[in-house]
Every structure is written in structure tokens, then in C-alpha cells.
J.: 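Submitted below is the structure of interest, expressed as C-alpha cells.
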Protein chains: 2
Amino acid sequence: MKVQNLLENTKQQMRKGILELCIMSIISDEGEAYPSDIITRLQESQLIVVQGTMYPLLARLKSAGLLNYTWKESDAGPPRKYYALTDGGSEFLDGLMGTWGQLVKAVKHSTKNLKVNK
Amino acid sequence: MKVQNLLENTKQQMRKGILELCIMSIISDEGEAYPSDIITRLQESQLIVVQGTMYPLLARLKSAGLLNYTWKESDAGPPRKYYALTDGGSEFLDGLMGTWGQLVKAVKHSTKNLKVNK
DNA sequence: GCAAGGTACTTTGCAATGCAAGGTACTATC
DNA sequence: GATAGTACCTTGCATTGCAAAGTACCTTGC
């Protein structure tokens, strides 16, 4: 396996786990949002997420009671499933932010002697 | 599944992928290091990594040509496998740092309207 | 009306990988 | 030669992002 592929692979690995954070954060920001909308918003942050990732993830969060949704008509096209945070979801998002902060700190500590790191 | 468990689960997910970065960074810092040593160093950064994670990961990096190792006698106990970065490994580490930086930026962008985020 | 195109939601199966648990092996101490 | 400590290694499982393929609804043009 080439180093280039390895990098891609690892990059993908790194993204795992933070998707929930970003997605819930966007929903929280918008108040409510539908999947295709979220995907577009993530692209603005240079995070490419596809439907095959988004739908199962939202379904997981929904069944965990962190999100709920309502169907809404669209001006053009089929109805959309608008997701919003539940109270538990807001709590969870707070927790995720804390975890993320810890993680960033841990990496900073581990790489503090690396010249690239600033 | 309780929210508390979900948080633990996601936290674990987040750690995936950044382990390579932290481990290679530590090896780079030390010049060479053996697995149990690296685990101890990671704990200082609040990153708990166990042997069942460490050994396969190092083996992967080794077989990818990013690390090599030499056996060294120990003052007490069995000999140790000291890992060091190859030239390719250093390059790879640079790449990982870049990827990590992008990711942090992406999360920052996605969560910029969240009050917790600063 | 009905074909074509666009938008949106859903499911299936694969691949990667952290981890728990259990195992092997070498050295030192008593 | 038994016990304890340190170190390395392997197996199998569970999670989950993703590619690919499928279903369904709405609008537009003829």
C-alpha cells in the first residue's frame, strides 16, 4: 500500500467520531435541518459526507433519543425530514464538545515537540 | 442505550485515527521507543491505549515501511523492541499533522456558532 | 397524461480497526 | 524451582463510514 493511500485512509479514520459532533452542531445552529442540507453545510467546512453515511448516522441518533424529526413539504421536490435536537441531544452535544476539547489538548500535548506543531 | 454510554462510545470513536499521529509523534520525539514506553507516554496526555491496540498498530506501520525496529537488551526483564521512524515515516507524520490541522479547522468552522466553543 | 429529470430518503454489504481477553517468553529474586 | 514482574503477540468481536443500488415524490415539457 502506498503512503499516499495510507494518508487518505488515516484521514478518513480521523474524521470518524467527529461527524456526530459537527452534524449535531449544525442542527443546533439551524434549529432544524434536513439531511441533504446538512451535507451541504458540512462541505462548507471541507468535510465531505455522503448520504450513505448521513442517513444511518441520523437514524442512530434518532433511535438514541438525541434527535427527533418532522416531515415538511418542500417548495420543489419530495417532502423533507427535518431533524431537531431533543433535550437529551443538547446535553449530548455539550458532552461531545467537552470530549473534543480534551482530545485536542491531548494531541497538542503529544505533539508539542514537533516542529510542525505550533 | 444510555446517553452516558453513547458518550463513551463516541469518545472512543473520536480517538480512532489520531492514535497514529500521537504515537508517531512520540517516537519522533524520543528518537526511538518501545511499545510499553509509548503507552506510558500517551497516558501523560490522557490517552489510554492498551496493548491490544498498540501492537497491531505498530505492526501495521512497520509493514507499511513507516517504522523499523531493533531489539535491545533491558536492564531488567525481556528484551525490548525499539521502534524508530523511517524517512517515509517522517514524511507521513508531516502529512498527518497537516490532516489534523485541517480537521481541527473544519470542526471549528462547523461549531463556530456554538456557545461552548471558543 | 406521461416521460424525463431533479431532489430526497433508505438499505445492503464491505472493510477498517480499537479493544478485551488470553497467551507466550524472558529475567530476577528468594 | 517457584513466584513475580516486564514485555511481546494473537484471536475474535463490535462499531461504523462508505460505495452502490433502490424507492419515492415532485416539476417540467411535450
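These numbers come from the heavy atoms of this one structure, side chains and all, not from hydrogens, waters or symmetry mates. So you know, we letter chains A, B, ... as the sequences are listed, proteins then strands, and number each from 1.
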J.: To the side chain of B/E73, which of C/dT27, D/dC18, D/dC25 is closest?
T.: C/dT27

J.: In terms of side-chain heavy atoms of B/W71, which of D/dG17, D/dC9, C/dG18 is nearest?
T.: D/dC9

J.: Using the rule that Ile, Leu, Val, Met, Phe, Trp and Tyr join whenever any side-chain heavy atoms are under 4.5 Å apart, tell me whether A/L7 and B/I18 fall into a single cluster.
T.: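 Same cluster: A/L7 reaches B/I18 through Ile, Leu, Val, Met, Phe, Trp or Tyr contacts under 4.5 Å.
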
J.: Over all strands shown, is A/S36 touching base, sugar-phosphate only, or nothing at heavy-atom distances under 4.0 angstrom?
T.: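 Since only primed, P, OP1 and OP2 atoms lie under 4.0 Å of A/S36, the category is sugar-phosphate.
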
J.: Considering Watson-Crick and G-U wobble pairs with both distances under 3.5 Å, what does D/dG29 pair with?
T.: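 Paired with D/dG29, as far as the under-3.5 Å criterion goes, is C/dC2.
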
J.: Considering only D/dC8, D/dT10, D/dG5, which nucleotide approaches the side chain of B/K81 most closely?
T.: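 From the listed options, D/dC8 comes nearest.
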
J.: What integer distance in Å separates A/K16:NZ from C/dA16:P?
T.: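 Computing the A/K16:NZ to C/dA16:P distance gives 10 Å.
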
J.: To the nearest angstrom, how far is B/D37 atom CG from D/dC8 atom C1'?
T.: 14 Å

J.: Check the distance between D/dG17's P and A/K11's NZ and give it to me in whole angstrom.
T.: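 About 17 Å, once rounded to whole Å.
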
J.: Looking only at heavy atoms, what is the nearest atom pair of A/L85 and A/I27, with distance?
T.: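 A/L85 and A/I27 have their closest heavy atoms at N-CG2, 4.0 Å.
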
J.: Would you kindly compare B/Q13 and B/Y69 by the position of their nearest DNA chain D nucleotide and give the one closer to the 5′ end?
T.: B/Y69

J.: Quickly work out the B/M14 CE to C/dT17 P distance and round it to whole Å.
T.: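 Atom-to-atom, B/M14 to C/dT17, this comes out as 19 Å.
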
J.: Distance check needed: C/dG18 P versus B/L57 CG, whole Å only.
T.: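 Atom CG in B/L57 sits about 5 Å away from atom P in C/dG18.
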
J.: Of the listed nucleotides (D/dG5, D/dC18, D/dT16), which one gets closest to any side-chain atom of B/N9?
T.: D/dT16

J.: Quick one: closest heavy-atom pair of B/S110 and A/L47, and the distance?
T.: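 Closest approach of B/S110 to A/L47: OG-CD1, 4.4 Å.
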
J.: For C/dC19, does either OP1 or OP2 sit under 4.0 Å from a side-chain N or O belonging to B/R15?
T.: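 Checking B/R15 against C/dC19: at least one side-chain N or O falls below 4.0 Å of OP1 or OP2.
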
J.: Does B/R80 place a side-chain N or O at less than 4.0 Å from the phosphate oxygens OP1/OP2 of C/dA25?
T.: no

J.: According to a strict under-4.0 Å criterion, is A/Y55 in side-chain N/O contact with OP1 or OP2 of C/dT10?
T.: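 Checking A/Y55 against C/dT10: no side-chain N or O falls below 4.0 Å of OP1 or OP2.
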
J.: Is A/T86 reaching over with its side chain to a backbone N or O of A/G65, donor-acceptor style, under 3.5 angstrom?
T.: yes

J.: Is there a chain of hydrophobic side chains (I, L, V, M, F, W, Y, each step under 4.5 Å between heavy atoms) that links B/M14 to B/V104?
T.: yes

J.: Using atom CG of B/L103 as one end and atom P of D/dG17 as the other, report the distance to the nearest whole Å.
T.: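 One finds 13 Å between P of D/dG17 and CG of B/L103, rounded.
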
J.: Is there a donor and acceptor pair closer than 3.5 Å between the side chain of B/Q51 and the base of D/dC8?
T.: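 In this structure, the two groups form a donor-acceptor pair.
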
J.: When you match A/V50 and B/G52 each to their closest nucleotide on DNA chain D, which lands nearer the 5' end?
T.: B/G52

J.: Is it the case that the side chains of B/K105 and A/Q46 hold a donor-acceptor pair, with the cut-off being a distance below 3.5 Å and no angle test?
T.: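 Side-chain D/A pair, A/Q46 to B/K105: absent.
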
J.: Separation of A/M54 atom CE from C/dT10 atom P, in whole Å?
T.: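 Interatomic distance, CE of A/M54 to P of C/dT10: 13 Å.
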
J.: Looking at the side chain of B/Q12, which of D/dG17, C/dC9, C/dC19 is the nearest nucleotide?
T.: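 The answer is C/dC19.
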
J.: Whole angstrom is fine here: how far is it from CD1 in A/I38 over to P in C/dA8?
T.: 12 Å

J.: D/dA2 pairs with which nucleotide, Watson-Crick or G-U wobble, both distances below 3.5 Å?
T.: C/dT29

J.: Side-chain N or O of B/Y34 less than 4.0 angstrom from OP1 or OP2 on D/dA7?
T.: yes

